[in-house]
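Naming: A, B, ... by sequence-line order, numbering from 1 per chain.
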Protein chains: 2
Amino acid sequence: MSAPSGSSAVRLAAETWESLFRSQVAVMRKLQSGPAFKSLPVKEYDVLFTLSRCPSGQLRLNEINDKVLLSQSSLSRLVDRLEKRGLVERTTAPDDGRGVLLALTEAGRELQKAIGREHVRDIATLVAPALTADEQRELLRLTEKLRASVAGH
Amino acid sequence: MSAPSGSSAVRLAAETWESLFRSQVAVMRKLQSGPAFKSLPVKEYDVLFTLSRCPSGQLRLNEINDKVLLSQSSLSRLVDRLEKRGLVERTTAPDDGRGVLLALTEAGRELQKAIGREHVRDIATLVAPALTADEQRELLRLTEKLRASVAGH
DNA sequence: CAGCGATACATGCAAATGCATCTAGTTTGA
DNA sequence: TCAAACTAGATGCATTTGCATGTATCGCTG
């Protein structure tokens, strides 16, 4: 209600974001320096991973772009690289001639799985000793709530 | 104890990290597209911010490098840019001739404050509607605990 | 249904990034 | 004490990124 209370709400939000961001940096730094990403950069793996989670097996480029922190043009060229390596395939979207559907090739699926196995172990090695299972569930809930709220403008 | 329980602990850790990461992407995407970062890229602001928080007003490049997701060489050149713009100053560390201390100039301090004010408001606009104050405090606690654990190997 | 703005993705180009390596200063241990 | 190993940071160079823009398709409106 009072002026300081408004200001402290802003401060709390800022400190929360700062902490979330720094923890992400710390974890990502460890993960990407591991041997799992010698054969494929993390950002490229992330696209393979996103495709592997998708029920239909296909995603539009703009849908992928929402999930990764890359400009549209950078994603377009990242996909060029993946395609050149035979890990994904572009198809024109059937219902929209402008759109491009991306799908994993068999090689892409296998590479994703191989890296994924190692990656998941690396994650567990970092996260499991840091937080209890209950804390992890709460962190999962809070970050998902934040993401959903931000995504919905 | 059973096989699935070990595997589900790994899965929980992976899902927690995934959610943390995606929420970071979603928030960062909004923040960096705002008008606050028209005059200075986010990564460069982050270095100014880090310096502004530091009690002594000076930090070694390798200390800064721990906080940001950049290679050593990229940070070195990012600091070149900041220095060329007159926002920071390099000094040889008095106790270690190899080291470089970085400090804000007056112009750097002012630009950080100006961008910071707007940035903090943007953060609050995204975070405050998403999570209650208690939830933010809990998210802050959990991410800080994770960061501390990961930083300490 | 014609034309105009909007959307999806690609591309030219300048800037930023990372890897490998270099230089210089520091620490270690025989 | 001094050479070898190590650490901090800078730099050459190839790759990646983003901005601005181009091309093709879509959808709306008169």
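Rounded to whole angstrom, the span from the CZ atom of A/Arg81 across to the C1' atom of D/dA14 amounts to 13 Å. Rounded to whole Å, the distance from CD on A/Glu63 to C1' on C/dT7 is 14 Å. Summarising the geometry, the separation between CZ on A/Arg90 and P on C/dA8 is reported as 16 Å, rounded to the nearest angstrom. Between B/Leu61 atom CG and D/dA8 atom P the separation is 11 Å, expressed in whole Å. Across the protein-nucleic acid pair, A/Phe37 atom CZ and C/dG18 atom C1' stand 17 Å apart, rounded to whole Å. Rounded to whole Å, atom C1' of C/dG18 lies 10 Å from atom CD of B/Gln72. Protein atom CG of B/Leu59 is 15 Å distant from nucleotide atom P of D/dA8, rounded to whole Å. Between the CG atom of B/Asp66 and the P atom of D/dT7 there is a distance of 14 Å, given to the nearest Å.
Using a 4.0 Å heavy-atom cutoff across all strands shown, B/Arg60 reaches sugar-phosphate atoms only and no base atom. Among the atoms of the strands shown, none is found under 4.0 Å from any heavy atom of B/Leu75. Residue-level contact check: A/Asp80 touches neither bases nor backbone, having no heavy atom under 4.0 Å from any strand.
Both A/Gln32 and A/Val100 lie near DNA chain C, and the one whose nearest nucleotide falls closer to the 5' end is A/Val100. Mapping B/Leu69 and A/Ser76 onto DNA chain C via the closest heavy atom, the residue that lands nearer the 5' end is A/Ser76. Along DNA chain D, the nucleotide nearest A/Ser73 and the nucleotide nearest A/Gly97 are compared for position; the residue whose nucleotide lies closer to the 5' end is A/Ser73. Both A/Pro41 and A/Asp95 sit near DNA chain D, but only A/Pro41 has its closest nucleotide nearer the 5' end.
Across C/dG18, D/dT11, D/dC26, the shortest atom-to-atom separation from the side chain of A/Asp96 is found for D/dC26. With D/dG9, C/dG18, D/dT25 as the choices, the nucleotide that has an atom nearest any side-chain atom of B/Ser71 turns out to be C/dG18.
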Worked check of ring-ring contact (aromatic ring centres under 6.0 Å, His included) between A/His119 and A/Phe49: CA-CA 11 Å; A/His119 184 43; A/Phe49 171 79; 7.8 Å; no
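The two residues B/Ser149 and A/Leu126 have their closest heavy-atom pair at OG-O, 4.4 Å.
Using modelled atom types and a 3.5 Å distance limit, the side chains of B/Ser71 and B/Ser74 yield a donor-acceptor pair. Inspection of the B/Thr143 and A/Ser19 side chains reveals an N or O donor paired with an N or O acceptor under 3.5 Å.
Between B/Asn62 and D/dT7 there is no side-chain polar atom (N or O) within less than 4.0 angstrom of OP1 or OP2. One finds no side-chain N or O of A/Arg77 lying less than 4.0 angstrom from the OP1 or OP2 phosphate oxygen of D/dC19. Under 4.0 angstrom from either OP1 or OP2 of C/dG18 there lies at least one side-chain N or O belonging to B/Ser74.
In summary, B/Lys67 and B/Glu63 do not engage in a salt bridge, as defined by a charged side-chain N under 4.0 Å from a carboxylate O.
Heavy atoms of other residues, nucleotides or ligands lying less than 6.0 angstrom from CD of B/Glu135 number more than 12.
You'll find a donor-acceptor pair under 3.5 Å spanning the side chain of B/Arg98 and the base of D/dT7, going by distance alone.
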